Amino acid sequence: MTLRVLPYLPVYIEEDHHEVLPHIYKNIGGKYLPIENNTLVHFDSHPDLLIPKDLEAEDCYDKFALFNKISIENWILPGAYAGIFSTIIWICPPWSDQIAPGVYEFDIGRVKETGGIAVSCLESYYISEGLYSSSDDLDSVRSIKLIVLKLDESTRKTDLTDQLLTVKEQIDEVNHFVLDFDLDFFSTLNPFVNLYKDANLYQDLKQLYSFKPVPKHLELDERIKLAREFAEKRREMLDCLESIFSYLCEDENLFGYEGPGEQYIPKVSKIVDNLRKHYPRVDVDWRQVHDAGCTFDDSELPHHISSTQEIKSLLGAAEKLLDFLDKNPTIITVSRSSEDDYCPPHQVEEIQSGLLSLLQIKYSSIKLINGYLEED
């Protein structure tokens, strides 16, 4: 298919990160981007590489169903299952450690037993969410290449050079790519750290939701066996805790609870009693409490409020990387992430201004499309 050429380089700016996906689809529909096998260069403190729990495989081919089900942490891989993306390059800041730097090649496909979507990646990031499945248990399989590059001054120069070359080789192979920024790449909050802080909720949830990773030193067959086992146990645990906390939304206490996961009741009851003790007049959001717990695996959400100098340094590092790639993207997408507090609200305008200045100097014919300013 012959692609059309845009007369300008669009920069789509949205508030929440999943709101940029429709712009990517529109450019595919307009024949400015290939219909499949696109490369995404993703600057972010978070991978955003999960999969919506209620997403069925066929939803990925219905953009309206898909757009209704995705959120900030899971907007990329459904498009990979549909073939939109085949290579994802996650550029992360020094404080992010959800997935270690390296190159990962794995499958994404429809789970034969359930009709949902899973991946064959053996990283804890997926196993802890119950999203792992062996390739044998998947059909309608597509291959994904994930390259993780950490822009960290402490990285040994030889290691960083190798990683940069891997990224450049990938970009050199394609004629089009999507350049994506989340402003929280430059400074990020974990909005759950101070949730009901007086009740020590964060540490209590950390203990309840803790996850033991699959040891990396084991033989591959043993790792796959344990990954299946751990993922299934984790799915069951999260489903049980979701049921318990959903019950609390309807009832003041757990005395009458008879659903799954009764073995977790003592620990959850301790959390409930502690919250009621410290916040007696507050209507506790129990679903938010569960959501906070789900952010724990063998790591935590990144939390680093950057200084002005750190922001400038990361802008400089991003500029050097783009110079090194030496190729213009087809489109640029930007997420502010300020209303959900992942990017510190008091810094978002400073960071956005610095990033847009960088892009306007780096690329000619920039056209800003401020979707976040449009009224609903």
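Residue indices begin at 1 and follow the sequence shown. In this text the structure is predicted, and so the values were computed from the model without any measurement.
- Glu222 CD to Leu226 CG: the interatomic distance, rounded to the nearest 0.5 Å, is 4.5 Å.
- Side-chain contact between Arg223 and His217 is absent, with no heavy-atom pair separated by less than 4.5 Å.
- Residue Gln263 comes nearest to Pro266 through the heavy atom pair O-CD, 3.6 Å, listed as atom of the first residue, atom of the second, then distance.
- Shown are Leu183, Ile72, Asn190; of these, the side chain to side chain contact (heavy atoms under 4.5 Å, CB included) with Tyr342 is made only by Ile72.
- By the 6.0 Å contact criterion, CG on Leu368 is enclosed, its count of non-hydrogen atoms from other residues, nucleotides or ligands being greater than 12.
- Taking all atoms of both residues into account, the shortest heavy-atom contact from Tyr202 to Glu300 is OH-OE1, 2.7 Å.
- Nearest heavy-atom pair across Thr330 and Leu6 is O-CD1, 4.0 Å.
- Outside the 6.0 Å centre-distance limit, the rings of Phe296 and Phe211 are not counted as a close aromatic pair.
- No cation-pi contact links Lys63 to Tyr25, judged by a cut-off of 6.0 Å to the six-membered ring centre and 45° from its axis.
- Between the side chain of Asn38 and the main chain of Ile84, a donor-acceptor pair closer than 3.5 Å is present.
- No path of Ile, Leu, Val, Met, Phe, Trp and Tyr side chains, each step under 4.5 Å between heavy atoms, connects Val348 with Leu301, placing them in separate hydrophobic clusters.
- By the 6.0 Å contact criterion, NZ on Lys216 is enclosed, its count of non-hydrogen atoms from other residues, nucleotides or ligands being greater than 12.
- With respect to the salt-bridge test (charged N to carboxylate O, under 4.0 angstrom), the residues Lys233 and Glu236 do not qualify.
- The ring of Phe185 has its center closer than 6.0 angstrom to the ring center of Phe43.
- Nearest heavy atoms, Asp107 versus Ser135: OD2-OG, 2.7 Å.
- Residues Leu9 and Pro329 approach most closely at CD1-O, 3.4 Å, considering heavy atoms.
- Relative ring orientation between Tyr247 and Tyr257 is described as perpendicular, the plane-to-plane angle rising above 60° on a 0-90° scale split at 30° and 60°.
- A donor-acceptor contact shorter than 3.5 Å is absent between the side chain of Tyr81 and the backbone of Ala118.
- Aromatic ring orientation, Tyr12 versus His23: parallel (interplanar angle below 30°, classes split at 30° and 60°).
- Side chain to side chain, Ser71 and Glu73 meet the donor-acceptor criterion of an N or O pair below 3.5 Å.
- A distance-only check finds a donor-acceptor pair linking the side chain of Ser357 to the backbone of Ser353 [under 3.5 Å].
- Under the 3.5 Å distance criterion, the side-chain polar atoms of Thr166 are matched with a main-chain donor or acceptor of Asp162.
- At least one donor-acceptor pair under 3.5 Å links the side chain of Ser45 to the backbone N or O of Asp184.
- A salt bridge is absent between Glu229 and Lys225; no separation between the charged side-chain nitrogens and carboxylate oxygens falls under 4.0 Å.
- Checking side-chain atoms of Asn74 against main-chain N and O of Ile70 turns up no donor-acceptor pair under 3.5 Å.
- The closest donor-acceptor contact from the side chain of Asp285 to the backbone of Arg287 lies under 3.5 Å.
- Atom CD of Glu173 is surrounded by more than 12 heavy atoms from other residues, nucleotides or ligands within 6.0 Å.
- No donor-acceptor distance shorter than 3.5 angstrom exists from the side chain of Ser96 to the backbone of Cys92, with no hydrogens or angles considered.
- Aromatic ring pairs are classed by plane angle as parallel below 30°, tilted from 30° to 60° and perpendicular above 60°; the pair Tyr209 and His290 is tilted.
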_Please evaluate residues Ile88 and Leu77 with respect to the criterion side chain to side chain contact (heavy atoms under 4.5 Å, CB included), reporting the C-alpha separation (whole Å), side-chain torsions for both, the decisive distance (0.1 Å), and the verdict._
CA-CA 9 Å; Ile88 299 139; Leu77 283 194; 4.0 Å; yes
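- Annotation: Lys362, atom NZ; neighbour count of heavy atoms from other residues, nucleotides and ligands within 6.0 Å is above 12.
- Side chains of Thr333 and Asp180: a donor-acceptor N/O pair is present below 3.5 angstrom, by distance only.
- Looking only at atom types and distance, the side chain of Trp90 has no donor-acceptor partner in the side chain of Asp44 under 3.5 Å away.
- Leu321 has its side chain within reach of Leu164: a pair of non-hydrogen atoms, C-beta onward, lies under 4.5 Å apart.
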_side chain to side chain contact (heavy atoms under 4.5 Å, CB included), that's the test. Do Cys294 and Leu238 meet it? Break it down for me._
CA-CA 8 Å; Cys294 289; Leu238 295 179; 4.1 Å; yes
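- If you run side chain to side chain contact (heavy atoms under 4.5 Å, CB included) between Leu356 and each of Ile361, Ile332, Ile366, Ile13, only Ile13 comes through.
- Considering Gln347, His346, His304, Glu350 as possible partners of Ser187, the one that fulfils the side chain to side chain donor-acceptor pair (under 3.5 Å) test is Gln347.
- The number of heavy atoms from other shown groups lying within 6.0 Å of CD (Gln203) is above 12.
- Side-chain contact check for Tyr372 and Gln352: at least one donor-acceptor pair (N or O, by modelled atom type) lies under 3.5 Å.
- A salt bridge between Asp59 and Lys69 is present, with a side-chain N of the basic residue lying under 4.0 Å from a carboxylate O of the acidic one.
- The closest side-chain donor-acceptor pair between Asp182 and His46, if any, does not fall under 3.5 angstrom.
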*salt bridge (charged side-chain N to carboxylate O under 4.0 Å, His left out) evaluation trace for Arg235 with Asp239*: CA-CA 6 Å; Arg235 278 192 293 268; Asp239 286 346; over 6 Å; no
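- Under the 4.5 Å side-chain criterion, counting only non-hydrogen atoms from C-beta, Asp97 is not in contact with Pro302.
- Within a 6.0 Å sphere centred on NZ of Lys267, heavy atoms belonging to other residues, nucleotides or ligands number 12 at most.
- Considering all non-hydrogen atoms of both residues, Tyr32 and Leu3 come closest at O-CD1, 4.2 Å.
- A salt bridge (Lys or Arg N to Asp or Glu O under 4.0 Å) with Asp137 is found for one member of Lys112, Arg110, Arg228 and no other, namely Arg228.
- In the hydrophobic cluster analysis, where Ile, Leu, Val, Met, Phe, Trp and Tyr join through side-chain heavy atoms closer than 4.5 angstrom, Val193 is grouped apart from Trp95.
- Side-chain atoms of His17 and Asp48 include a donor-acceptor pair closer than 3.5 Å.
- Checking each of Ser338, Ser337, Ser335 against Glu15 for a side chain to side chain donor-acceptor pair (under 3.5 Å) leaves exactly one that passes, namely Ser338.
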